[in-house]
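First the structure, in the form of structure tokens, and then the observations on it.
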Amino acid sequence: MPELAEVEHARRLWDVALGEPVTSVHTSSPHARALREVDPDAMREALTGAALVSSEARGKQMAFRFGPGGSRWLGLHLGMSGRLRAEPAGYEPARHDRLVLDTGRRALVFHDPRGFGRVRFHVGDDAPAWWSSLAPSVLGVGFTAAGVAAFLARRRRTSVKAVLLMQERFPGVGNWMADEVLWRAGVHPATPAGSLGEAGAAELWRVVRRVSRAAVEHIGDDWGYPATWLFSHRWEAGGTCPRCGAALSRDTIGGRTTCWCPRCQPARRRR
DNA sequence: GTGCTTGTTGGCCA
DNA sequence: GTGGCCAACAAGCA
């Protein structure tokens with residue numbers, strides 16, 4: 001389920017170890033896909049003895065910084081099925097644990113059965129490109145209505161659903177958030193991005209921010225979203241629209257399973 | 001057994 | 001070069 005809010009939540013789970021030096025580093029098989037971009041031995045050497053000093057999430061990406069000045073950069077992406085956990089000291093790495101950092105007081109675990117997640121590592125005072133080149137947060141000042149309008153215009157023939165999934169403009173928006181946004185905006189997911197126009201783009205911009213902010217506020221240990229959200233009904237058999245009660249539609253749009261309300265999000269007439 | 005899956009990438013084609 | 005689409009990656013679940 002890792003989208004913006006879940007990633008932010010995952011990041012906080014590891015923050016319990018802030019200030020604690022790493023005593024040992026366990027990685028799964030060196031040829032695991034998740035580790036394809038790192039040298040496990042070099043990472044182990046650079047992290048051992050270094051304390052976790054800060055963490056940050058940007059969209060679906062996370063950076064954990066270790067050591068004096070935060071010069072050791074550990075980047076994590078959860079992929080489809082990744083989870084972060086903090087376990088008591090003495091934790092034994094289990095199947096599909098891609099990375100386990102032991103601090104002596106607890107173990108920080110990156111668990112990812114499907115292996116679409118990704119570990120990156122960098123040593124240096126400056127942020128590596130995989131961190132510094134990320135798109136501006138949808139909750140920050142760099143995410144503007146004008147930027148959204150220009151992006152939609154450039155991808156005018158692509159379905160708005162597929163466009164919302166593009167991390168280069170909507171970092172952190174994933175499949176369920178895209179559907180939630182379109183449902184609230186009353187836009188059919190197959191609508192070509194270019195047909196929304198300036199007003200439609202501005203509305204989409206507003207709703208992306210609103211859904212993102214609300215998702216971050218609601219994420220927590222009990223992790224559930226309100227029953228008034230499409231999210232709560234999209235996977236249940238015979239799910240109905242929480243706003244109008246109509247049976248929800250489901251189809252593949254933009255290459256992903258997409259759920260929408262045919263009454264609240266009618267297909268657009270061609271102009 | 002079948003047919004899905006909350007993500008990303010690379011390759012192909014227009 | 002840009003935009004657009006899709007298969008592939010892997011494991012678990014119904």
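Chain letters run A, B, ... following the sequence lines, proteins first and then strands; every chain starts at 1. Any value given below was found using the heavy atoms of this structure, including those in side chains, with hydrogens, waters and symmetry copies removed.
Along DNA chain B, the nucleotide closest to A:L165 and the one closest to A:T252 are compared, and the more 5′ of them pairs with A:T252.
Consecutive Watson-Crick or G-U pairing (both distances under 3.5 Å) extending over three or more pairs maps onto DNA chain B as B:2-5 with C:11-14, B:7-14 with C:2-9.
With sequence neighbours excluded, the residues that form a ring-ring contact (aromatic ring centres under 6.0 Å, His included) with A:W260 are A:H188. By the salt bridge (charged side-chain N to carboxylate O under 4.0 Å, His left out) test, A:E56 pairs with A:R58, sequence neighbours left out. Not a single salt bridge (charged side-chain N to carboxylate O under 4.0 Å, His left out) links A:E92 to another residue, sequence neighbours left out. For A:R114, there are no salt bridge (charged side-chain N to carboxylate O under 4.0 Å, His left out) partners at least two apart in sequence or on another chain. Checked against ring-ring contact (aromatic ring centres under 6.0 Å, His included), A:W229 has the following partners two or more places apart in sequence or in another chain: A:H218, A:Y225.
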Scan nucleotides 8-14 of chain C against the protein and return all N/O pairs shorter than 3.5 Å with their distances rounded to 0.1 Å.
residue, atom, partner, partner atom, Å
C:dA10, O4', A:R114, O, 3.3
C:dA10, N1, A:R114, NE, 3.0
C:dA10, N1, A:R114, NH2, 2.2
C:dA10, N3, A:R114, NE, 2.9
C:dA11, O3', A:H96, NE2, 3.4
C:dG12, OP1, A:H96, NE2, 3.1

Interface polar pairs with nucleotides 2-4 of chain C, N/O, under 3.5 angstrom:
residue, atom, partner, partner atom, Å
C:dG3, OP1, A:R154, NH1, 3.2
C:dG3, OP2, A:R154, NH1, 3.0
C:dG4, OP1, A:R157, N, 3.1
C:dG4, OP2, A:T158, OG1, 3.0
C:dG4, O5', A:T158, OG1, 3.1

Atom pairs, N/O to N/O, protein against nucleotides 10-14 of chain B, distance under 3.5 Å?
none

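A:F64 has its ring centre less than 6.0 Å from the ring centre of A:W14.
With a 6.0 Å cutoff to the six-membered ring centre and a 45° limit on the axis angle, A:R120 does not count as a cation-pi contact of A:W131.
Here B:dT9 presents its C1' atom at 19 Å from CH2 of A:W130, a figure rounded to the nearest Å. Atom CZ in A:F170 sits roughly 15 Å away from atom P in B:dG7 (whole-Å rounding).
Note on A:Q167: a side-chain N or O is less than 4.0 Å away from OP1 or OP2 of B:dT8. Within the 4.0 Å cut-off from OP1 or OP2 of B:dG7, not a single side-chain nitrogen or oxygen of A:H77 is found.
Annotation: side chain of A:E8 is not in contact with side chain of A:M62 (no heavy-atom distance under 4.5 Å). Contact of the A:D179 side chain with the A:T258 side chain is registered, since non-hydrogen atoms from C-beta on lie closer than 4.5 Å.
Comparing the C1' positions of B:dG1 and C:dC9 gives a spacing of 22 Å, expressed to the nearest Å.
Looking at A:E6 and A:K60, no side-chain N of the basic residue comes within less than 4.0 Å of a carboxylate O on the acidic one, giving no salt bridge.
Among pairs with a residue in residues 40-60 of chain A, none fulfils ring pair (Phe, Tyr, Trp, His ring centres under 6.0 Å), at least two apart in sequence or across chains. For residues 133-149 of chain A, the set of pairs meeting the side-chain hydrogen bond (donor to acceptor under 3.5 Å, both in side chains) definition, not counting sequence neighbours, is empty. Evaluation of the side-chain hydrogen bond (donor to acceptor under 3.5 Å, both in side chains) test over residues 199-212 of chain A, restricted to residues two or more places apart or in two chains, returns A:E203-A:R206.
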